[in-house]
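Here's the structure, in C-alpha cells; my notes come after.
As the structure is a prediction and not an experimental result, all values here were calculated from the model. Just so you know, residue 1 is the first one in the sequence shown, and it goes up from there. One-based numbering, in listed order, for ligands and for the atoms of each.
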Amino acid sequence: MNDILLEAKDLTKHFPVSKGLIFSKEIGAVKAVDGINFSITRGETFGLVGESGCGKTTTAKLILKLESITSGTLNFDGRDLGTMNKLETREYRGRVQPVFQDPYSSLSPRLRVGWIIGEPLVVNKTLPRSEIKARVEEIMEVVGLQKSQFNNFPHEFSGGQRQRIAVARAITMNPSLILLDEPVSALDVSIGAQIMNLLKTIQKELGLTYFLIAHDLAVVKHMSDRIGVMYLGKIVEIADADEMDQNPVHPYTKALYSAALPSHPDTVQEEIILPGEVPSPLNPPSGCRFHPRCSIAEKVCAIEQPELKTISPGHEAACHLA
Ligand code: SF4
C-alpha cells in the first residue's frame, strides 16, 4: 500500500474577476492557490499555516471538492480527484470528512444530536436503521459525550461539547482523512486543549490522517507532525514540526515563528515585525511574492520566482537565499 494518502501536484485555483454588468469582461483572476505541491502520509497530521487570505481555506475546499481545481492535480489514495465519477466521488466524500471552526453553525439546530451524528450512516445506507442508534451511542462515548445525551439538541451543549459532536459526526463513516479547519479557534484555550487531546487520541486509536489548517501557529505546532507555511497562494516552506521550530529558513516563516510563543519558556526570541500588508492575490508581486516585505531581498527576488527546493532531508523552502 502506498504510504501517501493525499498528494497535490501544482495545485492551482484562480477565481476570475469580471468588470461591467451587461457586457461583463474578465479583467483578471484572484490567484488564491497558485501551483502548490505537498503530500500527506497515512497516519500523520499535516498542518498548513498562514495569515488569513493566504489560500489555506481554498486548499481545504479543493480537497473537500467544494471548489473545482483550475489546474494541477489532487490524488487521494492514488486516484485523481478530477477524474472521479459520481460513485467514486460519493465514496471519496465518505472517506474525507471535515471538522469546521464553528461547531454551532455546522450543526442543524432542529435535529437531535444522535441523529446529527448518525445522519451520514442513514444517507449512505452504511448500516441497517436498527443498528444505527447503538453505533452512534458507541461513537458518542469515544468522543467523551454521554449516550444519554442522544436526544438532546445542539443548543443544550457547550461550545467544547458541540465540537465533540462535530468530531463524532466526522468519524461516523470510518474516514481515512479528516480535514480540521481551525478546529479550536472558536473555543477557550483550555477547552481547545481538550479537543486537541481528543483529536490526538482518536487519531491513534482509529489510525486517522489529519490535514489541519489554522492561523494560530501554537495549535499547528502542538498538533502537527509536518508543517507547510503558506504565503499569498504559495507554499514557502515545508518541514517536520520540530525542524521547522528549530531551523526555519524562509524569512516569512522566521517572522511567523518569531511572533508565536517559544516552545520553551526560557527561550528568548525577538519578534520580527514585517513591514506593510499582505499584497492582493489579484495582482501579486513579481518574482518572490514576499519580496516587498523581505528584509534580505536581493535584485533577483523581484524577477525570479523561487521554487521549493530541498534544504535538508524532508525540509524544503522557496527562497533564493535559503
Ligand atoms: Fe526574501 Fe528573496 Fe528569499 Fe523571497 S527569495 S524570501 S525576497 S530572500
>> Please determine whether a side-chain nitrogen of the Lys or Arg among Arg95 and Asp77 lies less than 4.0 Å from a carboxylate oxygen of the Asp or Glu.
In response: yes

> Could you give all pairs that pass the ring-ring contact (aromatic ring centres under 6.0 Å, His included) test and reach residues 73-96, with sequence neighbours left out?
Replying inline: Phe76-Tyr92

> Sorted by chain and residue number, which protein N/O/S atoms are under 2.8 Å from atom 3 (Fe) of ligand 1?
Replying inline: Cys319 SG

> Between Glu91 and Lys86, does at least one N-O distance fall below 4.0 Å, as a salt bridge requires?
Replying inline: no

> How would you list all residue pairs meeting side-chain hydrogen bond (donor to acceptor under 3.5 Å, both in side chains) that involve residues 272-293, not counting sequence neighbours?
Replying inline: Asp34-Arg289, Tyr231-Arg293

>> How close do Thr41 and Thr209 get, counting heavy atoms only, and between which atoms?
In response: O-CG2, 3.5 Å

> Can you list every pair that meets side-chain hydrogen bond (donor to acceptor under 3.5 Å, both in side chains) and has a residue in residues 308-322, with sequence neighbours left out?
Replying inline: Glu237-His315, Glu243-His315

